[in-house]
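Everything on this sheet refers to the single structure shown next.
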Amino acid sequence: IGRDARAKAQSSGEIIFARIKEAGFTLRNCIVECFSGQDVTGPGDIEQCVLRVAASSYSRDALVRFSKELMPLITAGPPGTTGYASGRPVVHQVFRYWPCLIDRDAVEPKVEFITSAALAPGATGSASAKQRPPALPLSAAAEPVASTFSPVISRGRRCLGDIAFARSGDKGTSANVGVIARSTADYGFLNNWLTAPRVDAYFRPLGVTAVTRYELPNLEALNFILHGILRDSLQTDAQGKALGQRLLQMPLE
């Protein structure tokens, strides 16, 4: 907690792994994460940061040494280090997700329809199903709707979240982010501005290897596949649930 809290936390994590290397141990994978913000619970806004370090190794001894290197930060680390209560972490096994492809002939597709008596032909419940509006033909929405939206002038908007909603989740070692326009007028701008290269550049610091974009004009939405962004199973957001909210913070330029 205090001035340069994030920089101190980052350095602390790097020191831990440097000391493990100097001791002759090898780690399979390691990660340093810093969650920073302002502390508004006390007088004034005080910079604070939560440090998270994680490691995996084929050697249990290496991880035991890793857990021992955390405690010295309390008394010999940066001033203002606090929040330690659980003691030295316990070394445990890590199960990793390993996606692969199998031959199509090895899978037998099966589709099973489950029908309800309430919705059977002739039953009273079938009337509710007929009330559903017909699906919009693809040809009717093939052309993007023209938008009068200016990202800087119109209604004082500044970030993607002002014109769209988003939801994300894991797809193996990749993740998908669905983005849907808040209004028909904004979809034209969204479709033209939120390109795959722009999203790729935005998520490049998180390790994305490529971005594929799919257009869903009937929904006035876009879907992005962020390839390889979840390859590191040690990160906090291992299921990519926060990626959609991250994308909504993208400035509208």
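Atoms considered below: every heavy atom in the structure, side chains included; atoms not considered: hydrogens, waters and symmetry mates. All figures in this text were calculated on a predicted structure; none of them were measured in a lab.
Looking at residues two or more places apart in sequence or on another chain, you find no salt bridge (Lys or Arg N to Asp or Glu O under 4.0 Å) involving Arg167. Remark: Arg19 pairs with Glu69 by the salt bridge (Lys or Arg N to Asp or Glu O under 4.0 Å) rule, at least two apart or across chains. In this structure, the salt bridge (Lys or Arg N to Asp or Glu O under 4.0 Å) partners of Asp200, at least two apart in sequence or on a different chain, are Arg204. Annotation: salt bridge (Lys or Arg N to Asp or Glu O under 4.0 Å) contacts of Glu14 (sequence neighbours excluded): none. By the side chain to side chain contact (heavy atoms under 4.5 Å, CB included) test, Ser56 is found to be paired with Arg28, Asn29, Leu234, residues two or more places apart in sequence or in another chain being considered. Under the side-chain hydrogen bond (donor to acceptor under 3.5 Å, both in side chains) criterion, Ser36 pairs with Arg6, sequence neighbours left out. Scored by the side-chain hydrogen bond (donor to acceptor under 3.5 Å, both in side chains) test, Thr195 finds no partners at all (sequence neighbours excluded). Residues satisfying the side-chain hydrogen bond (donor to acceptor under 3.5 Å, both in side chains) test with Lys171, not counting sequence neighbours, are Asn176. Scored by the side-chain hydrogen bond (donor to acceptor under 3.5 Å, both in side chains) test, Arg60 finds no partners at all (sequence neighbours excluded).
Within 6.0 Å of NZ in Lys21 there are 12 or fewer heavy atoms belonging to other residues, nucleotides or ligands.
Between Asp237 atom CG and Leu206 atom CG the span is 9.0 Å, to the nearest 0.5 Å. Going from atom CD1 of Ile16 over to atom CG of Leu27 covers 11.0 Å, rounded to the nearest 0.5 Å. Leu63 CG to Ile20 CD1: the interatomic distance, rounded to the nearest 0.5 Å, is 8.0 Å. One distance of note links CG of Leu73 with CD1 of Ile15; it measures 7.0 Å at 0.5 Å rounding.
Using a 4.5 Å cut-off on side-chain heavy atoms (C-beta onward), Leu160 and Gln249 make no contact. The closest side-chain heavy-atom distance from Phe25 to Asp61 is below 4.5 Å. Here the side chains of Val208 and Tyr202 are not in contact, with every heavy-atom distance at 4.5 Å or above. Counting only heavy atoms from C-beta outward, the side chains of Ser59 and Thr26 never approach each other to under 4.5 Å. At a threshold of 4.5 Å between non-hydrogen side-chain atoms, the residues Arg158 and Leu252 do not count as touching. Within the 4.5 Å cutoff, the side chain of Ser67 has heavy atoms near those of the Pro89 side chain. Looking at heavy atoms from C-beta onward, Arg88 lies out of side-chain contact with Leu70 at the 4.5 angstrom threshold. A heavy-atom distance below 4.5 Å is not found between the side chains of Val53 and Glu33.
Here the side chain of Ser168 pairs no donor or acceptor atom with the backbone of Val177 at under 3.5 angstrom. Remark: the backbone N or O of Gly188 is not paired with any side-chain donor or acceptor of Asn191 at under 3.5 angstrom. Counting only distance, with no hydrogens or angles, the side chain of Thr209 and the backbone of His227 share a donor-acceptor pair below 3.5 Å. Listed for the Ser12 side chain is a donor-acceptor partner under 3.5 Å among the backbone atoms of Lys8. A distance-only check finds no donor-acceptor pair linking the side chain of Asp170 to the backbone of Gly172 [under 3.5 Å]. Remark: the backbone N or O of Leu194 is paired with a side-chain donor or acceptor of Arg213 at under 3.5 angstrom. Checked by atom type and distance alone, the side chain of Glu47 pairs as donor or acceptor with a backbone atom of Asp4 at under 3.5 Å. For Arg231 (side chain) and Ser174 (main-chain N/O), no donor-acceptor pair under 3.5 Å exists by modelled atom type. The backbone N or O of Trp193 sits less than 3.5 Å from a side-chain atom of Arg198, completing a donor-acceptor pair.
Through direct or relayed side-chain contacts under 4.5 Å between Ile, Leu, Val, Met, Phe, Trp and Tyr, Val111 connects to Phe113. Here Phe35 is tied into one hydrophobic group with Val50, each link being a pair of ILVMFWY side chains closer than 4.5 Å.
Scanning all heavy atoms of the two residues, the minimum distance from Gly169 to Lys241 falls at CA-NZ, 4.1 Å. Nearest heavy atom pair, residue Phe165 against residue Leu248, reads C-CD2, 4.1 Å. Residues Ala175 and Ile229 approach most closely at CB-CG2, 3.9 Å, considering heavy atoms. Minimum heavy-atom separation, Gly13 to Leu51: N-CD2, 4.1 Å. Looking at every heavy atom in both residues, Gln239 comes nearest to Leu230 through C-CD1, 4.1 Å. Residue Gln245 comes nearest to Ala166 through the heavy atom pair NE2-O, 3.7 Å, listed as atom of the first residue, atom of the second, then distance.
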- Dump the intermediate steps for side chain to side chain contact (heavy atoms under 4.5 Å, CB included) on Leu222 and Tyr214, then the final yes or no. CA-CA 6 Å; Leu222 302 170; Tyr214 297 92; over 6 Å; no
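Each ring-ring contact (aromatic ring centres under 6.0 Å, His included) pair with one or both residues in residues 55-79, not counting sequence neighbours, appears once here: Phe17-Phe66.
Contact check on Lys110 versus Glu108 returns no salt bridge, with no Lys/Arg side-chain nitrogen under 4.0 Å from an Asp/Glu carboxylate oxygen.
In the hydrophobic cluster analysis, where Ile, Leu, Val, Met, Phe, Trp and Tyr join through side-chain heavy atoms closer than 4.5 angstrom, Leu190 is grouped together with Met250.
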